[in-house]
Enquirer: 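Can you keep this structure in mind? I'll have questions shortly.
These numbers come from a predicted model, not from an experiment.
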Amino acid sequence: MKKLHLICNAHIDPIWQWEWTEGMSAALSTFQSAANLLDKFDYVFCHNESSLYKYTEKYAPALFEKMQTLVQEDKWRVMGSWYIQPDCLMANGETFVRQIREGELFFQEKFGKSSKTAVNLDAFGHSRGLVQVVKKCGQENYLFVRPYSSYHVVEQLSNPLPDSTFIWEGYDGSQVKAHRVTAYNTGLGRALEKIERDIDFYQDQEIAASLWGVGNHGGGPSAKDLGDIQEFIEKSDIEIVHSDPDTFFAEVEPTQVYAHSLIPCMPGCYTSMIGLKQKFRELERDLYFTEKMLSIAELKGVYEYPQAKIADAVEDLLNVQFHDVLPGSCIKSGEENGFRFIYHGLRELEQAKINAFFALCKGQKVAAENTYPILVFNPKAYEAEQLIECELSIIPTELFEDSLSQIEIYDEQGNKLCAQTVKEGSNQSIDWRKKVVFYGKLNPLGITRFTAKTVEKSKAKYPINQDVVFDNGQKRVVINAKSGLIQSYVIDGVEYAKGALFQPYMWEDNADPWGMSMEQRTIGIGDNPIPFEKLEKPDGVFEGLQSFEMIEDGDVYIGAEAFFGLGNTRLRIGYKIYKQGTLVDVDVNLFPSEPNRAIKLHVPIIGEEYCGEQVFGRESLYADGRECVSQNFVAKKCGDKYLEIVTPSTFASSCKDGEIRFTLLRSATYCAHPVPDRPLLRENIFTPKIDQGQRDYLFRLQIANEQELSKNALEFIEKPFAQNIFPTVDERVDNGFEVSTDNGEINVVTIKKAVQKKG
């Protein structure tokens, strides 16, 4: 080794074993200490995460001014430039854009500087899709630690890295320099020990970097560490400099290319705290949906874009993406802190969305007598027929269940559409509230109007404990009444089921929410799976229901449900067999009551090349039982088609022996961090378990062409916004602005108002 760059930092988790208030206090203490030491020692302090700088400006303005001065003197260097160090696997690509942009804008405004290096030291994996986001946001380098543990042989865990410093290539061919450091943290007064280990570890490298400074709960440099390091520098035959990531990367020129995601690591984090993950996805989807609606409303001249409300919701989203919150590795109060961010963001977005929706609907023709207008906003930029759901209140005809009506739907030309009246959200024996699902052609990124009318309906009686068989010539689906599971899924004469589909299993697991053991990382989550049994006499929350029965049958779909149990845990599986296309929807209600268990759905299907959606891309996933992470869908290739399963409410799955296994949840313990040679949990005391209470899941099974995978997933996940609204006599002020594309395979993630310029 010829040269070593020392990068002094202080890893600060705002939320982990503590809540945000204590994390912020640790940041203030760390920053003050680092500033004081910069007056006494000749070194460089580096820190990232604009969120912590923002709170410093708010709570310690004099300290913040001192930091600004130190930055101008080049003693304190902005590192990373992101809003926070997020989880780097589970968020949408656009959310990573916001992480970078929010941080960069802050640092440019307050310090006139930002970093060319993205720094994510403690994330538990990094999607390959990040490369193009980082590159196209103007950053050139990527610094990380995990998924590889300190000084471990990386071949033990994943695709081997070509070297500690390499070129990381994204799905679109974008490239950044990347470097894996051994660790980000040092013990108080023991920084030199770590630096010496790094010198030994990197002895074959001409230029290397060593991160040091007390972290996790802050701390950074100490006077003893700085004294020890200065003495070591003076007698070393290696050139050792106090530095920062940008300076280090400017001096290295790797040539070897790595074109994979940086996983797996801590695979339990893809599932632990699933309730929070599901709400995070809801906030994420709602943000970009609302931005599109607001942008169209402003571009049409009907509503002013509420920039401040959207900015608040964005910050809520970015805070929840923190790498100890979204992965489910924090304490219970940290989880609650995350939910507060989410619900605040959802409330802000709900108000903005409804305001824009009513503005877009203004000026519609007043409804004819005995009709119910349904106005629908399409978030897609292409015109297409989509499945629409809407609840509405009709004028009650009778106050008795014997008199029933159903909804018919007509388009603006008066054509009757394929529609079905299904169970509404309310539970009153009055013919009053209605829910209708129907197929309608929607205008791109705009409002489409439909008309609902009521007609008489006879009360339906559905078969109990009989097989459900649907066959329309293209699709044949059989749900076996004895097992309560799909036993056959045939499309165009091809049988895709290799056994019972969506069979629930309970696996033995442990209390560690990270899944840190080598077995969990390299073999998979859980042992000794036991199948749930269909309840012949449903009990508990399902008491009084039938074991298996059909619950809906109309022009749109057949509905059925079955009930299962194992130990004290109960589970319902609902089915929708759509009468058009290849679709089958599966919804699950899970009531877990056992600690240290993983609940999975097993789906044995034909096909090769298990793959799943990543950040702005698709990637082959492990097929050896290891836990995988994916976003909106997983798929297996079957000839020239794909069997696709859309996954709007889960991230985790595994695949082995031709069987996909979706991990629904892990009943681990909050923040139960393994420590060698010590018990994982304190004995003889109750410790709360994660994800107790009802958890709900959705899946969609379908056959797709390769180019349809993302589009199909989004048609299930990004639903049209439909409301029964009676127009008033207010005049229309729409200027006629429109956005559209003829290419339905292009997904417009969002359209938002610019921050740095008008537009």
Side-chain angles (χ1 to χ4, degrees), residues 3-12 26-82 85 103-104 106-119 121 139 141 143 181 184-186 188-189 191-192 194-195 198 207-215 218-234 236 238-251:
K3 187 173 184 179
L4 180 67
H5 290 258
L6 296 182
I7 300 174
C8 179
N9 76 113
H11 183 73
I12 300 173
L28 296 177
S29 173
T30 298
F31 291 167
Q32 184 67 69
S33 174
N36 292 344
L37 290 169
L38 282 168
D39 290 334
K40 300 176 182 178
F41 292 89
D42 182 18
Y43 80 106
V44 172
F45 182 70
C46 306
H47 200 80
N48 54 336
E49 299 150 331
S50 68
S51 62
L52 297 180
Y53 284 78
K54 285 182 69 173
Y55 282 98
T56 303
E57 182 181 27
K58 182 176 182 178
Y59 297 123
L63 172 59
F64 187 76
E65 289 179 9
K66 173 70 170 177
M67 291 158 58
Q68 288 177 308
T69 300
L70 290 169
V71 169
Q72 295 308 311
E73 294 173 350
D74 206 31
K75 296 179 179 179
W76 187 304
R77 296 182 190 170
V78 171
M79 181 175 79
S81 291
W82 289 27
Q85 286 194 49
E104 179 188 52
F106 176 85
F107 286 121
Q108 287 289 355
E109 177 189 352
K110 301 298 181 179
F111 298 94
K113 297 185 179 183
S114 58
S115 174
K116 289 291 184 182
T117 303
V119 176
L121 302 175
Q139 294 189 301
N141 317 303
L143 192 70
V181 295
Y184 57 77
N185 210 20
T186 56
L188 180 62
L192 186 57
K194 194 260 186 183
I195 292 168
D198 282 348
I207 301 173
S210 179
L211 270 67
W212 70 278
V214 179
S222 70
K224 180 182 185 305
D225 286 323
L226 287 165
D228 291 345
I229 290 169
Q230 185 57 42
E231 184 178 334
F232 182 74
I233 290 174
E234 290 171 358
S236 176
I238 300 169
E239 182 184 0
I240 302 177
V241 296
H242 291 290
S243 188
D244 63 89
D246 284 2
T247 305
F248 163 72
F249 276 107
E251 295 186 8

Enquirer: T117 and Q139: side-chain contact (heavy atoms from CB on, under 4.5 Å), yes or no, with the steps?
Expert: CA-CA 6 Å; T117 303; Q139 294 189 301; 5.7 Å; no

Enquirer: For the side chain of T30 and the backbone of A26, is there at least one donor-acceptor N/O pair under 3.5 Å apart?
Expert: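 Checked: pair present.
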
Enquirer: Flag yes if more than 12 heavy atoms outside K113 fall under 6.0 Å of its NZ atom; otherwise flag no.
Expert: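 Yes, NZ of K113 has more than 12 neighbouring heavy atoms, counting only those of other groups under 6.0 Å.
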
Enquirer: Please give me the minimum heavy-atom distance between I7 and A209, naming the atom from each residue.
Expert: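 Shortest heavy-atom separation between I7 and A209 comes out as CD1-CB, 4.1 Å.
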
Enquirer: Count the heavy atoms belonging to other residues, nucleotides or ligands that lie under 6.0 Å from CD of E231, then report whether that count exceeds 12.
Expert: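 No, the 6.0 Å shell around CD holds no more than 12 heavy atoms from other groups.
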
Enquirer: Going through the checks in order, is the side-chain contact (heavy atoms from CB on, under 4.5 Å) test met by N48 and V78?
Expert: CA-CA 6 Å; N48 54 336; V78 171; over 6 Å; no

Enquirer: Nearest 0.5 Å, please: how far is CD1 in I195 from CG in L6?
Expert: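 Reported value, rounded in 0.5 Å steps: 4.5 Å.
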
Enquirer: Verify the distance criterion only: is there a donor paired with an acceptor across the side chains of S81 and E104 at less than 3.5 Å?
Expert: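 No - no donor-acceptor pair under 3.5 Å links their side chains.
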
Enquirer: Is there a side-chain contact between L70 and E73, using heavy atoms and a 4.5 Å cut-off?
Expert: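 With C-beta onward as the side chain, the pair touches.
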
Enquirer: Between D39 and K66, is there a side-chain N and carboxylate O pair less than 4.0 Å apart?
Expert: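 Looking at K66 together with D39, the answer is yes, because their closest N to O distance falls below 4.0 Å.
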
Enquirer: Can you tell if the side chain of F232 reaches within under 4.5 Å of the side chain of I240, non-hydrogen atoms only?
Expert: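 Yes - at least one pair of side-chain heavy atoms lies under 4.5 Å apart.
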
Enquirer: Taking the side chain from D246 and the backbone from K116, do they hold a donor-acceptor pair closer than 3.5 Å?
Expert: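 Yes.
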
Enquirer: How about CG on D42, more than 12 heavy atoms from neighbouring residues, nucleotides or ligands closer than 6.0 Å, or not?
Expert: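 Open.
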
Enquirer: Any side-chain donor paired with an acceptor under 3.5 Å for T247 and D244?
Expert: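 Per modelled atom types, T247 and D244 side chains form a pair under 3.5 Å.
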
Enquirer: If we ignore hydrogens and angles and just use 3.5 Å, is the side chain of K194 paired with the main-chain N or O of G213 as donor and acceptor?
Expert: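 Between the backbone of G213 and the side chain of K194 there is no qualifying donor-acceptor contact (under 3.5 Å).
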
Enquirer: Rounded to the nearest 0.5 Å, what separates atom OG in S50 from atom CZ in F111?
Expert: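 One gets 10.0 Å once the value is rounded to the nearest 0.5 Å.
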
Enquirer: Supply the atom-to-atom distance Y55 OH to L52 CG, rounded to the nearest 0.5 angstrom.
Expert: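 Atom-to-atom, Y55:OH and L52:CG are 9.5 Å apart.
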
Enquirer: Is there a donor-acceptor pair closer than 3.5 Å between any side-chain N or O of D225 and the backbone N or O of A191?
Expert: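 Present.
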
Enquirer: Hey, what's the ring geometry for W212 with Y43, parallel, tilted or perpendicular (30° and 60° as the breaks)?
Expert: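 Aromatic pair W212/Y43 classed tilted.
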
Enquirer: Rounded to the nearest 0.5 Å, how far apart are SG of C46 and NE2 of H242?
Expert: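 Here the rounded value is 11.0 Å.
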
Enquirer: From S115 OG over to N141 CG, what is the distance, rounded to the nearest 0.5 angstrom?
Expert: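 S115 OG to N141 CG: 7.5 Å, rounded to 0.5 Å.
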
Enquirer: Measure the spacing between CE of M79 and NE2 of H47 and express it to the nearest 0.5 Å.
Expert: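 Separation between the atoms: 7.0 Å.
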
Enquirer: Would you say the ring centers of Y53 and F31 fall short of 6.0 Å from each other?
Expert: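 Under 6.0 Å, so yes.
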
Enquirer: Using the side-chain contact (heavy atoms from CB on, under 4.5 Å) rule, take V71 and K110 through it: C-alpha gap first, then chi angles, then the decisive distance, then the call.
Expert: CA-CA 10 Å; V71 169; K110 301 298 181 179; over 6 Å; no

Enquirer: Indicate the atoms forming the closest heavy-atom contact of Q32 with L63, along with that distance.
Expert: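 Distance-wise, the nearest heavy atoms are OE1-CD1, 3.7 Å.
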
Enquirer: Show the nearest heavy-atom pair for residues P221 and F45, with the distance to one decimal.
Expert: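 Shortest heavy-atom contact: CD-CE1, 3.8 Å.
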
Enquirer: Taking C-beta and beyond as the side chain, do H5 and E251 meet within less than 4.5 Å on heavy atoms?
Expert: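 Yes, side chains in contact.
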
Enquirer: Minimum heavy-atom separation for S210 and D198, please, with both atom names.
Expert: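 Closest approach of S210 to D198: OG-OD2, 2.6 Å.
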
Enquirer: Side chain of E239, backbone of L4: donor and acceptor closer than 3.5 Å?
Expert: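 Not at all, since once roles are kept as given, no pair shorter than 3.5 Å links the two residues.
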
Enquirer: Can you classify the ring geometry of H11 versus Y184 as parallel (below 30°), tilted (30 to 60°) or perpendicular (above 60°)?
Expert: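 Aromatic pair H11/Y184 classed tilted.
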
Enquirer: Is there a side-chain contact (heavy atoms from CB on, under 4.5 Å) between L121 and N9? Walk through the geometry before answering.
Expert: CA-CA 11 Å; L121 302 175; N9 76 113; 4.0 Å; yes

